[in-house]
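Some notes on the structure that comes next.
Just so you know, these numbers use all the heavy atoms, side chains as well, and skip hydrogens, waters and symmetry mates. Just so it is clear, the structure is predicted and the values come from calculations on it, not from any experiment.
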Amino acid sequence: MLRNFIAVCVFFTACIMSAMASADGADSLEVEEVEKVNYVPQVFGAVKAKFEASLYDGSHRFNVRNSRIGVRGLASPRMKYAIQIDFSNEGKLSILDSYVTYFTDNLEVTLGQQQYRFSTDLDRGPNTSIFSNRSFLSKFLTTYYTTVPENGHIGHTVSSIGSRDLGALLRYHIPKMPLRVNFGLFNGSGTNNPEWDNKINIVAKLEIGPEMGLHGAVSHYNGHTPAGTKVSFDQSGSLVSTIFTQRIRMWGGELSYTQENFAIESEYAQRRLRMDGLRLLQTGHVQGYYQFRLPKMKLMEYVAPLGRWDIGDNIEFLNSYGAMETFSAHRATVGVNFGFTGKIVGSELRLQFEKYFVTRKPSDYSRNQLLQDKITLEIVATF
């Protein structure tokens with residue numbers, strides 16, 4: 001592992017030096033050009049507030065899913081940065097992004113806390129997502145479970161490696177070809193947690209096709225989950241806790257077709273987790289929308305009908321009783337988004353309906369809204 005790590009570091013260094021040499025040569029910057037670079041930071045953010053109602057028992061809730069603000073900009077002609085904080089990430093304050101990127105025309109090397117770019121849908125935030133609730137893929141794919149002592153018994157906890165980690169990511173666009181290669185090395189200990197370790201998580205992704213038009217990608221993730229506890233009974237019947245990490249591997253594939261006012265996307269991914277044997281989770285979806293631009297109006301800019309079909313097989317989750325269960329289900333989501341004009345802040349009103357087709361209902365189905373049909377009314381403001 002140490003040899004592999006040193007080899008990859010040499011590879012990163014060689015790429016950076018090559019890119020810098022190229023920038024100093026044919027693509028060199030004159031003093032006049034440097035002076036034209038805009039170093040004023042750009043502030044961005046989003047707020048998502050919604051109302052949800054279960055069609056099973058009529059229960060409902062108000063919820064603020066995200067309240068994000070960030071700053072990004074140039075630190076030098078070839079160096080950019082980004083910082084982003086979420087003040088309401090499921091009720092918690094968390095630092096999302098904090099990284100610096102060196103870039104040329106075809107190469108980007110990013111160091112810091114960032115998205116590791118395994119999946120397009122997993123990476124989506126409130127600024128780019130068109131659905132009120134996350135897909136099965138983005139909600140369940142990266143979850144993992146540990147056990148804890150609980151009143152003399154073995155209890156379960158649920159965590160997620162999420163879409164971000166601390167590490168280095170190289171992105172290279174092959175000249176004169178619609179191919180992009182992503183390769184990253186990450187701690188694997190989770191965000192805001194720079195622990196020392198002798199393991200490293202690796203992510204690789206190959207993309208083909210332009211951003212607009214037909215686009216495809218395949219990706220692979222190989223590493224370990226953050227350290228957790230594993231509880232068992234010893235020979236005397238007492239609970240014993242040990243610290244351990246689980247081996248996690250993920251494979252994914254994407255295919256999409258995008259135009260200015262229309263998009264259809266599909267993704268499939270699977271996760272293999274090693275904890276008391278192999279646990280295989282499979283999930284995917286097909287989704288699309290069409291944006292009808294409206295004649296010039298003082299208030300509304302567009303109307304966008306949308307739809308998504310989710311599939312999930314062997315998905316593990318923590319039920320309302322605190323026990324771990326497994327379900328398989330399909331879900332249909334249909335709705336319409338209304339876009340409103342704004343000079344600085346743009347906003348969207350979303351009305352969406354979810355219908356679940358559960359093949360294995362969990363034991364707490366009647367009191368757990370996770371897999372119940374629901375209606376969501378959401379407003380998103382981005383700037």
Side-chain angles (χ1 to χ4, degrees), residues 1-16 82 84 96-103 106-125 128 134-135 137-144 159-174 179-195 197-208 215-227 245-256 267-274 280-284:
M1 178 61 71
L2 181 58
R3 292 179 180 176
N4 294 338
F5 178 73
I6 294 174
V8 174
C9 288
V10 172
F11 174 68
F12 268 92
T13 304
C15 290
I16 295 172
Q84 185 178 191
L96 302 179
D97 297 318
S98 182
Y99 60 81
V100 177
T101 300
Y102 173 82
F103 66 96
N106 298 315
L107 175 70
E108 288 188 359
V109 180
T110 303
L111 184 66
Q113 184 163 296
Q114 59 189 296
Q115 290 177 322
Y116 51 81
R117 299 184 182 275
F118 171 82
S119 156
T120 298
D121 199 69
L122 184 62
D123 289 346
R124 284 197 171 107
T128 55
R134 293 176 293 169
S135 65
L137 187 153
S138 61
K139 186 177 179 66
F140 296 109
L141 179 67
T142 61
T143 55
Y144 65 95
S159 301
S160 173
I161 64 173
S163 64
R164 289 176 169 84
D165 203 345
L166 282 158
L169 178 68
L170 181 148
R171 309 188 72 199
Y172 183 68
H173 182 190
I174 300 176
L179 289 174
R180 286 172 297 279
V181 179
N182 301 340
F183 182 79
L185 302 175
F186 294 90
N187 283 348
S189 55
T191 56
N192 309 305
N193 189 26
E195 290 189 351
D197 204 340
N198 58 1
K199 302 183 181 70
I200 196 162
N201 288 15
I202 298 174
V203 61
K205 185 175 184 179
L206 176 65
E207 301 177 73
I208 182 170
H215 180 88
V218 291
S219 53
H220 176 61
Y221 184 99
N222 193 338
H224 293 79
T225 65
T245 60
Q246 304 168 64
R247 185 69 179 269
I248 182 171
R249 293 181 179 179
M250 299 188 295
W251 290 264
E254 306 175 22
L255 186 63
S256 64
E267 277 199 53
Y268 167 82
Q270 64 172 239
R271 182 216 68 198
R272 294 174 182 266
L273 190 66
R274 287 284 181 181
L280 174 65
L281 178 154
Q282 300 183 84
T283 183

Run R134 and L122 through side-chain contact (heavy atoms from CB on, under 4.5 Å) and show every step you take. CA-CA 9 Å; R134 293 176 293 169; L122 184 62; over 6 Å; no
Quick one: side-chain contact (heavy atoms from CB on, under 4.5 Å) partners of D197, sequence neighbours excluded? K199
Could you go through residues 159-166 and list every donor-acceptor pair under 3.5 Å that involves a side-chain atom there, pairing it with any protein atom two or more places apart or in another chain?
residue: S160; atom: OG; partner: T142; partner atom: OG1; Å: 2.7
residue: S160; atom: OG; partner: G162; partner atom: N; Å: 2.9
residue: R164; atom: NE; partner: D97; partner atom: OD1; Å: 2.8
residue: R164; atom: NH2; partner: D97; partner atom: OD2; Å: 3.4
residue: D165; atom: OD2; partner: G188; partner atom: N; Å: 2.9

Take L281 and L141 through the side-chain contact (heavy atoms from CB on, under 4.5 Å) test and state the conclusion after the steps. CA-CA 7 Å; L281 178 154; L141 179 67; 4.1 Å; yes
At their closest point, which heavy atom of F186 faces which heavy atom of I200, and how far apart are they? O-CG1, 3.4 Å
For A227, which residues count as a side-chain contact (heavy atoms from CB on, under 4.5 Å) partner, sequence neighbours excluded? I243, T245
For the residue pair P226 and G190, what are the closest heavy atoms and their distance? CG-N, 4.1 Å
A side-chain contact here means heavy atoms from C-beta on lying under 4.5 Å apart; do I202 and F183 qualify? yes
S219: what forms a side-chain contact (heavy atoms from CB on, under 4.5 Å) with it, not counting sequence neighbours? F118, K205
From N201 CG over to L185 CG, what is the distance, rounded to the nearest 0.5 angstrom? 9.5 Å
Report the C-alpha separation of R180 and E108 in whole Å, then their side-chain angles, then the decisive distance to 0.1 Å, and conclude whether the salt bridge (charged side-chain N to carboxylate O under 4.0 Å, His left out) test is met. CA-CA 11 Å; R180 286 172 297 279; E108 288 188 359; over 6 Å; no
Could you tell me whether the side chain of E254 and the main chain of T120 form a donor-acceptor pair under 3.5 Å? yes
Closest non-hydrogen atom pair, D121 against S135: OD2-OG, 2.5 Å
In Å and rounded to the nearest 0.5 Å, what is the CD1 to CD1 distance from I208 to I174? 9.5 Å
Atom pair OG1/CG of T225 and L273 - distance to nearest 0.5 Å: 6.5 Å
Sequence neighbours left out, what passes side chain to side chain donor-acceptor pair (under 3.5 Å) with R272? Give chain and number order. Q270
Pair N192-Q113, side-chain donor/acceptor within less than 3.5 Å: yes
Among L137, T283, T143, whose side-chain contact (heavy atoms from CB on, under 4.5 Å) with R271 holds? T143
Backbone N/O of S119 and side chain of E267: donor-acceptor pair under 3.5 Å: no
Quick one: are Y116 and L169 in side-chain contact, heavy atoms under 4.5 Å? no
With heavy-atom distances below 4.5 Å as the criterion, would you say the side chains of L107 and L170 are in contact? yes
Side chain E195, main chain S189, donor-acceptor under 3.5 Å: no
Taking only residues two or more places apart in sequence, or in another chain, which ones meet R117 in a salt bridge (Lys or Arg N to Asp or Glu O under 4.0 Å)? none
Identify the two heavy atoms, one from G167 and one from Q114, that lie closest to each other, and give their separation to 0.1 Å. O-NE2, 3.1 Å
